[in-house]
Asks: 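Before anything else, here's the structure in question.
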Amino acid sequence: MFLVIKFTMRELLLEIFNILYKEFGKQHWWPAETKDEIVIGAVLTQNTAWSNVERAISNLKKAGVIRLKDIVCVDESLLKELIKPAGFFNQKALYLKSIASFIEGHGGLSSLSKQDTHKLRSMLLSVKGVGKETADSILLYAFERPVFVVDAYTKRLVSRHRLSEDLSYDGIQRLFMENLPLDVGLFNEYHALIVKLAKVYCKKKPLCSGCPLERL
DNA sequence: CACCAGGAATGTA
DNA sequence: TACATTCATGGT
């Protein structure tokens with residue numbers, strides 16, 4: 001006879017979080033000095049290694065182009081040169097221009113923060129270059145709203161550990177948001193810890209050997 | 001040399 | 001709706 005231990009999805013997701021938190025500790029995300037910098041970094045890191053984003057942000061700071069209002073004003077070809085290390089610089093220069101002019105055109109982040117989360121999300125999604133993950137990253141880390149960010153690593157985690165059949169963005173986001181307390185601090189650390197896990201252990205290895213979640 | 005990185009837009013069926 | 005292609009630099 002088997003000893004069958006049934007976990008609720010809530011308990012399982014919290015257990016995964018506890019394992020990761022015990023292993024890696026607090027991650028102190030988002031790695032930026034200002035809210036404006038979070039928005040800029042969210043666009044620059046699209047399908048790009050963070051080390052390359054750091055070079056781009058370093059260039060922007062040296063050039064004095066680190067506030068969203070600076071992005072609006074700066075010459076586009078200069079902007080492309082500054083962010084070149086982050087890759088896709090033609091697209092990303094355009095994307096930065098569009099999100100910066102959108103936010104500044106609405107009175108800045110402080111004015112937009114008066115909107116409720118659902119409305120704010122749809123507004124962000126209407127901006128060229130802002131998809132679901134970028135919008136949710138901005139909502140969680142810049143606006144401090146309890147929104148779970150789903151990235152490629154999150155999908156891989158859910159897939160490998162068979163936490164859900166539905167591997168779509170919305171399906172995975174619902175999995176976390178319907179089974180966990182809607183807590184900004186929890187979602188902040190959870191997403192950051194998943195990225196940390198991937199960087200340390202699971203680059204491309206199918207079985208994650210040595211990974212702290214191996215026993216799950 | 002190939003492959004990947006904290007995606008999104010666009011086009012096709 | 002579900003895939004395929006394109007965008008581009010720097011590390012492994």
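Computed from a prediction, not measured in an experiment: that's the story for all the values here. Numbers restart at 1 for each chain; the letters A, B, ... are given by sequence-line order, proteins then strands.
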Asks: Going by the angle between their ring planes, with limits at 30° and 60°, are A:W29 and A:H191 parallel, tilted or perpendicular?
Replies: perpendicular
Asks: Students often get this wrong, so: under 4.0 angstrom with heavy atoms, is A:V127 touching a base, only sugar-phosphate, or nothing?
Replies: sugar-phosphate
Asks: Output yes if the stacking criterion (under 5.5 Å between centres, under 30° between planes) is met for A:W50 over the base of B:dG6, else no.
Replies: yes
Asks: Taking atom P of B:dG6 as reference, at what distance in whole Å does atom CZ of A:F148 sit?
Replies: 16 Å
Asks: Has the side chain of A:K199 got a donor or acceptor atom sitting under 3.5 Å from an opposite partner on the base of B:dG6?
Replies: yes
Asks: Less than 3.5 Å apart, any donor N or O on the side chain of A:D166 or A:S168 sitting next to an acceptor on the other?
Replies: yes
Asks: Going by an N to O cut-off under 4.0 Å, is there a salt bridge joining A:E104 and A:R67?
Replies: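 No.
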Asks: Would you kindly give the OH-to-C1' distance between A:Y169 and B:dA8, to the nearest whole Å?
Replies: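 Rounded to the whole Å, the gap is 12 Å.
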Asks: Does the ring center of A:F102 lie less than 6.0 Å from the ring center of A:H106?
Replies: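 Yes, the ring of A:F102 comes within the 6.0 Å limit of the ring of A:H106, centre to centre.
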Asks: Here's one to test your reading of the geometry: is the NZ or CZ of A:K84 within 45 degrees of the ring axis of A:F89 and under 6.0 Å from its centre?
Replies: yes
Asks: Tell me whether the OP1 or OP2 atom of B:dG6 has a side-chain N or O from A:S137 closer than 4.0 Å.
Replies: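 No, because none of the side-chain N or O atoms of A:S137 sits under 4.0 Å from OP1 or OP2 of B:dG6.
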Asks: 5'-most contact on DNA chain B: A:G129 or A:D151, nearest heavy atom basis?
Replies: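 By nearest-heavy-atom nucleotide position, the 5'-most residue is A:D151.
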Asks: Answer with yes or no whether the side chains of A:D75 and A:S77 bring together a donor and an acceptor at under 3.5 Å.
Replies: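 Yes, because at least one side-chain N or O of A:S77 sits under 3.5 Å from a partner of the opposite role on A:D75.
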Asks: Output one letter per nucleotide in nucleotides 3-10 of chain C: B when a protein non-hydrogen atom lies under 4.0 Å from the base, S when only the sugar-phosphate is that close, - when neither is.
Replies: ----BBBS
Asks: Mind calculating the distance between OH (A:Y201) and P (B:dC4) to the nearest angstrom?
Replies: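 For the pair A:Y201 OH and B:dC4 P, the rounded distance is 22 Å.
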Asks: To the nearest angstrom, how far is A:Y153 atom OH from B:dC4 atom P?
Replies: 11 Å
Asks: Can you measure A:L125 atom CG to B:dA8 atom C1' for me and round it to whole angstrom units?
Replies: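 My rounded result for the distance is 11 Å.
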Asks: Any heavy-atom pair between the side chains of A:D136 and A:L139 that's under 4.5 Å?
Replies: yes
Asks: So what does A:V53 hit on the nucleic acid, given a heavy-atom distance under 4.0 Å: a base, only sugar-phosphate, or nothing?
Replies: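 The residue A:V53 makes no contact with any strand.
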Asks: If you measure from the P atom in B:dG6 to the same atom in C:dA4, how many Å do you get, rounded?
Replies: 23 Å
Asks: Check the distance between B:dA5's P and A:L44's CG and give it to me in whole angstrom.
Replies: 18 Å
Asks: When you compare the ring of A:Y95 with the six-membered ring of B:dA9's base, are the centres less than 5.5 Å apart and the planes under 30° from each other?
Replies: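 Whether judged by distance or by angle, A:Y95 falls short somewhere, so it does not stack on the base of B:dA9.
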Asks: What is the distance, to the nearest angstrom, from the NZ atom on A:K132 to the C1' atom on B:dG6?
Replies: 18 Å
Asks: For atom C1', what is the distance between B:dA5 and C:dC7, given to the nearest Å?
Replies: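 Nearest-Å result for B:dA5 against C:dC7 at atom C1': 14 Å.
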Asks: Each nucleotide N or O in nucleotides 10-13 of chain B that has a protein N or O under 3.5 Å away: list the pair and distance.
Replies:
from	atom 1	to	atom 2	distance (Å)
B:dT10	OP2	A:K128	NZ	3.4

Asks: Quick one, A:L96 and A:L44 - any side-chain contact, counting heavy atoms below 4.5 Å?
Replies: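 When only atoms from C-beta onward are counted, A:L44 and A:L96 do touch, with a gap below 4.5 Å.
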Asks: Which of parallel (below 30°), tilted (30 to 60°) and perpendicular (above 60°) describes A:Y190 and A:F17?
Replies: tilted
Asks: How many Å lie between CD on A:Q46 and C1' on B:dC4, as a whole number?
Replies: 17 Å
Asks: For the C1' atoms, the ones on C:dA8 and on B:dA2, what distance do you get once it is rounded to whole angstrom?
Replies: 16 Å
Asks: Answer yes or no: is there a side-chain heavy-atom contact under 4.5 Å between A:L109 and A:F143?
Replies: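 Counting from C-beta outward, A:L109 and A:F143 do come under 4.5 Å.
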